[in-house]
Amino acid sequence: MNPVKIQEVRRRSLAEKYGIKAGDKLVSINGKKLRDIIDYELCAADEDICLDVIQNGSQRRINIKNPRLESLGIIFSTSLFDGVKRCANKCIFCFIDQLPPGMRKSVYIKDDDYRLSFLYGNFITLTNMKEQDIERIIKHRLSPIYVSLHTTNPELRAKILGRKRKDRTYEYLKILLDAGIEIHIQMVLCPGINDGAELDKSIDELSTKYEGVSSIGLVPVGLTAYRDGLYPLRAFERQEIEDLIKQAKKWQSKFEKERGYALVYIADEFYISTGHNIPPFEHYGEFPQIENGIGLTRLFIDEVQSKLDSFDSVRCRHNIAIITGTLFKNVMGNLLGKIKERTGAKIDAVAVENAYFGGKVNVTGLITGSDIITSVKKKFLENGKPDVLVIPDIVLNGDGFMLDNYTPDMIASKIGVKVEVVRSTGAGFVEDMLEVLKKNDISLGGSCGKAKCGKVNASE
């Protein structure tokens, strides 16, 4: 394993005290070469730590005394020092196989790494796992783990995953559950393939044969226009979604009576696309499938309402446009109505048509810069130019780029309006929107209090 580069050293940390700097390369800790951030954290949790570090081309040994077991203050650019484990399956619904060309390279990586599952909630198939991986998960209690299962029917799963060889997924699943590892299951539902009776069978078997499973998330297959040569799939029709919601409710009622919680949770998209109300906060318990986006809409709505209730009434004059996916347009419109009541600002949602993916993708997180520009310019023709365009941070990666490599500054330059980025959590969204109103309030010169943007008299 190669040495891992240190990206940053926190100020006043132990690492800084002992002369470690950004750009140095960590070779080992206590003689152990590190595979990932998990190894690093385990090895660094000691009172006496011996680091082998490469500085200015020469290797140096640094002995650190850490009686209080403080964090060393070292930050790496990646969590996986030995590289990401790639997916070897050929799933019939794989979204990455449907991506258009020209996106940033990292988007095309098919990861299937149990470490990313533990660290970030990524769903994995368990098909490329080795016994030593399972042993490591159990030994170090790497829990929870998120598993893409799709069905308990082995033959059907092989078809869905595009596998010709058998794998040990079901065996590994039982081993992990028996060892007390928390497991959350994802099922990507494809109409006519693993829904209906097959889904009933899978839920029944997961709740009996794999009794320790903590949650089962049902999400719709995602389709783009770039499916030439791929397995023929289609989206769910409205009546099929209605039937699925009824089917899920049946199971949820059963488990709520038997276990005290729903166990089965379905994607927000199913509810929104058919006009159903999102279930109440209590339905989701501890939100076990939030990493899958399930319950995220309820959490967002409730956080927005709660945050608005804690703010005094404000009066600011603005013409603001906020972009959103077409799926979320009505939800966002209702929330913006409440913000308008508190602020007096003119705020409109711009539902961005996702032409980049061929018009079949409707979620906010996959909006691209080119589509934002097109949709906002079209909105100009209808309602005039806004003073500020607001973009949620969910459309950006950690470096501030969208899927088509646009940045907020590039969009601002293209359409000639000021662009602001707001957080995508409910509380963060409200706080940032109020800051946008305060900062860009022309009539008040931006001079507002922390929670107030000032009062505007009726005569103004």
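Only a predicted model underlies this, so the values are computations on that prediction, with no experimental measurement involved. All values below were derived from every heavy atom in this structure, side-chain atoms included, with hydrogens, water molecules and symmetry-related copies excluded.
- Here I278 contributes atom CD1 and I272 contributes atom CD1; the two are 4.5 Å apart, rounded to the nearest 0.5 Å.
- Comment: K110 engages D97 in a salt bridge, judged by a side-chain N to carboxylate O separation of less than 4.0 angstrom.
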CA sep, side-chain torsions, deciding dist, call: R136, D39, salt bridge (charged side-chain N to carboxylate O under 4.0 Å, His left out) = CA-CA 11 Å; R136 187 187 187 204; D39 277 348; 2.8 Å; yes
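- By the 4.5 Å heavy-atom criterion applied to side chains, I373 and M410 are not counted as neighbours.
- Of the charged side-chain nitrogens involved, at least one lies within less than 4.0 Å of a carboxylate oxygen, so that K438 and E435 count as a salt-bridged pair.
- Residue K250 places its NZ atom among more than 12 non-hydrogen atoms of other residues, nucleotides or ligands, all under 6.0 Å distant.
- More than 12 heavy atoms of other residues, nucleotides or ligands sit less than 6.0 Å from atom OH of Y210.
- Contact check for Y284 versus I294: side-chain heavy atoms found under the 4.5 Å cut-off.
- Between F95 and F357, the two ring planes are tilted [angle within 30° to 60°].
- Across D112, L116, T169, a single residue satisfies side-chain contact (heavy atoms from CB on, under 4.5 Å) together with I124, and that is D112.
- Under the 4.0 Å criterion applied to side-chain N and carboxylate O atoms, E242 and R238 are assigned as salt-bridge partners.
- At a threshold of 4.0 Å, the pair D348-K340 counts as salt-bridged, since one of the basic side-chain nitrogens sits closer than that to a carboxylate oxygen.
- Ring geometry for F300 against F429 counts as tilted: the plane angle lies between 30° and 60°, on a 0 to 90° scale.
- Using a 4.5 Å cut-off on side-chain heavy atoms (C-beta onward), N354 and T326 make no contact.
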